[in-house]
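Numbered from 1 within each chain, the chains take letters A, B, ... in sequence-line order. Reckoned from all heavy atoms, side chains included, excluding hydrogens, waters and symmetry mates.
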Amino acid sequence: MTRERYLPLLATIVVFAALFITGGLLYKHFFSTLVIGHILADNAFIIIAAIGTTFVILSGGIDLSIGSMIGFVGVCMANLDAVGWHPLASAALMLAFGALFGAAQGFTIDFCKAQPFIITLAGLFLLRGACFMVNLDSVPIRHPFVMAFAGANIPFPTGGFLASSAIVMLVVLAAGIVIAHFTRFGTYVYALGGDSASALLMGVPVRKTIVSVYALGGFYSALAGVIYALYTSSGYPLAGQGNELSAIAAVVLGGTLLTGGVGLVAGTLFGGMILGLISTLINFNGSLNSAWIMISGGVLLFLFIVMQKSLVSSFGFRRAT
Amino acid sequence: MSTQPTSTAIVQPRSLVTRLRWLAGQRALWPVLALLLILAVNGIVSPGFFNVRIVEGRLFGNVIDILYRATPTALVALGMAIVIGTKGIDLSVGAIIAICGAMMAWRIQAGDPHVVVLLIALATGLLCGLWNGFLVAILNIQPIIATLILMTSGRGIGLMINLLYGGTNPSFESPFLQGLSVGRIGLVPTRLVVFAVVFTALWLLIRKTALGLFVESVGGNSAAADLAGISSRLVKYAAYLLSGLLAAAAGVIIVADTHTSDPVSQGLFVELDAILAVVIGGGSLAGGRIYLGLTVIGALVIQALTTTILTSGLPPEYNLVVKAVVVLAVLLLQSDNARHAVTDIFRRRK
């Protein structure tokens, strides 16, 4: 494809590098694989959810149910753990549930010709309510597998390490890249997001694609929930609140256009890493309030959207309306 | 005598069936029916539900309580209805409430007269609307994303304002502002009077000037509206300004009620409730329609549901699930495909 397609991704990487270098100049010990490893591990679940969201947004939709899904998966896994399930078994069950729930959302969106925003908003309410119905308190997951999972990592040569959650994230990122760029389904998603009317005329199976896109989104957010539950070794009904916005922000920072049809899955990794880097920088400073994380996130979002707008107009990407 | 035959000729075709058909065609039917249904269920479950008493010189009862609690959501929803009418959406209203609360606490601590504080709070809402309008109307950014920016950073801005004078969740005392929120005028809670005034003013602005028509034409087809000589930019801008102002009004009521600025949790999820109220009231997210009265009914439906869940003894956690079911039911009722599927099933049976 054209080179312009990679410009937003390039800009994302430049911003990431600039932020990282700034951190290195400001603080001692910032330039280390330990910091990188921590950012990857801490934000693995957000990035996993954001990869699923990338597909949904590429298809021209939006998914608000991510945060609630993360909470619901955690609560279910904790309760299944209490009755003696192996975390892997409950994880498999929750992944299947996530895909099914997403598929149901996708089907409703296409069948009712409804706005994805409203349907997934109902999904947000439904899953968060379901969290509270299961239990109201934080429930620990005590299975020895959780400790083993948290302890597993690949050490870097210079003292840092790649945590197991980050490994899972990189694996599903690779899977996402393959699905988006090397399968027919991926092409359908881009076609649908670019112009749904033309896609229909060219024979893209619209309903099947929409159902699959939301099923994929549901699967990825359920996986994010599994990783979050294992990482925190607990299930908490308020977990993941507002994470849908972080995921959407990561996708936008990664260079994907919210109008659909333009963007790269790999960009989402850097988008999520930028968000993680900002909070790490603010934590390193120590004197700054956490309010700065929210504000700088908003400012960065604004800058990226404006940059994308100017790129779109200067290179003539057609906007789908 | 000669008028007799003509009047019967007009009345004649209006049989029960045609009247029912006319009624079914009314878009007000479903939201009003939903509200009546919820109230009826309440009346059956708890017999004293509709009692209105006078306690300590004010009206008191479940129905009054629903009106009272629905006021902030209804205010936000009115602004949302206008924004959605332009085919937009405003996700930042909850954050605007948080910022206004922080501004109020700050200016009261700084010693401003409380009337000025009220104006400052409303001006803050306008300023937020100005920002959103700038992004949507001037920079042409998709409304969901444009307002997402303020939504993510707004609560942080509120926290920063609190930090300006070293306070975390500062509380304040203000008889004037609290009077606006929890006081009463005669028997009626003040906030209901405030709401009635705001609603009337807004109704006059939307329905008695051309603004409503402009908004609906921009929402229906903004390019066509531009060709017809309506500045779609200006109309969109006006919608976000109004939404910011109304969110600020709701913020004053919420913050004065708790007399604490709590940017992290004040007005949390109000944007979702407001959008829901608009959708229940028959507004389409595709734009081009504004129903102010039905939006208020939508807000009342949401509050009545919440009150029902609380009074019926169900755990409050069921609230969200019930809301989700209501959203889905409304969408299925509005969808042609779902209706056709249902009528097909009935036809097959016959």
Against chain B, label A:L127 side chain, backbone, both or neither, depending on which of its atoms sit under 4.5 Å from a heavy atom there.
neither
Largest heavy-atom contact set with chain A, pairs under 4.5 Å, which of B:L276, B:V326, B:T152, B:L268:
B:T152
Listed by residue number, which members of residues 240-250 of chain A have a heavy atom under 4.5 Å from any heavy atom of chain B?
A:Q241, A:L245, A:I248
Tell me if the NZ atom of A:K208 is crowded by more than 12 foreign heavy atoms within 6.0 Å.
no
Please report the interatomic distance CE(B:M151) to CE(A:M294), rounded to the nearest 0.5 Å.
12.0 Å
Any idea which of A:P237, A:G129, A:A114 has the most non-hydrogen atom pairs under 4.5 angstrom with chain B?
A:G129
Please find the pair of heavy atoms, one from A:A291 and one from B:G156, that lie closest to each other, and give the distance.
CB-O, 3.5 Å
Bottom line for B:A146: the part with an atom under 4.5 Å from chain A's heavy atoms is neither
Above 12 or not: heavy atoms from other molecules or residues under 6.0 Å from OH of A:Y236?
no
Run the side chain to side chain contact (heavy atoms under 4.5 Å, CB included) check on B:I144 and A:L258 step by step: do they pass?
CA-CA 9 Å; B:I144 290 188; A:L258 271 141; over 6 Å; no
Euclidean distance, B:L150 CG relative to A:L301 CG, rounded to 0.5 Å
11.5 Å
Is it the backbone or the side chain of A:V299 that comes under 4.5 Å from a heavy atom of chain B, or both, or neither?
neither
Less than 4.5 Å to any heavy atom of chain B: does that hold for the side chain of A:L64, its backbone, both, or neither?
neither
Under a 4.5 Å heavy-atom cut-off, does chain B meet the side chain of A:I305, its backbone, both or neither?
side chain
Using a heavy-atom cutoff of under 4.5 Å, enumerate the residues of residues 115-122 of chain A that contact chain B, numbered in order, or state 'none'.
A:Q115, A:F117, A:I118, A:I119, A:L121, A:A122
Between A:F125 and B:F269, is any pair of side-chain heavy atoms under 4.5 Å apart?
no
Is there side-chain contact between A:F302 and B:I145, with heavy atoms separated by less than 4.5 Å?
no
Say you draw a straight line from CD1 of A:I293 to CG of B:L159; how long is it, rounded to the nearest 0.5 Å?
11.0 Å
Take A:I295 and B:I157 through the side chain to side chain contact (heavy atoms under 4.5 Å, CB included) test and state the conclusion after the steps.
CA-CA 7 Å; A:I295 295 177; B:I157 295 172; 4.0 Å; yes
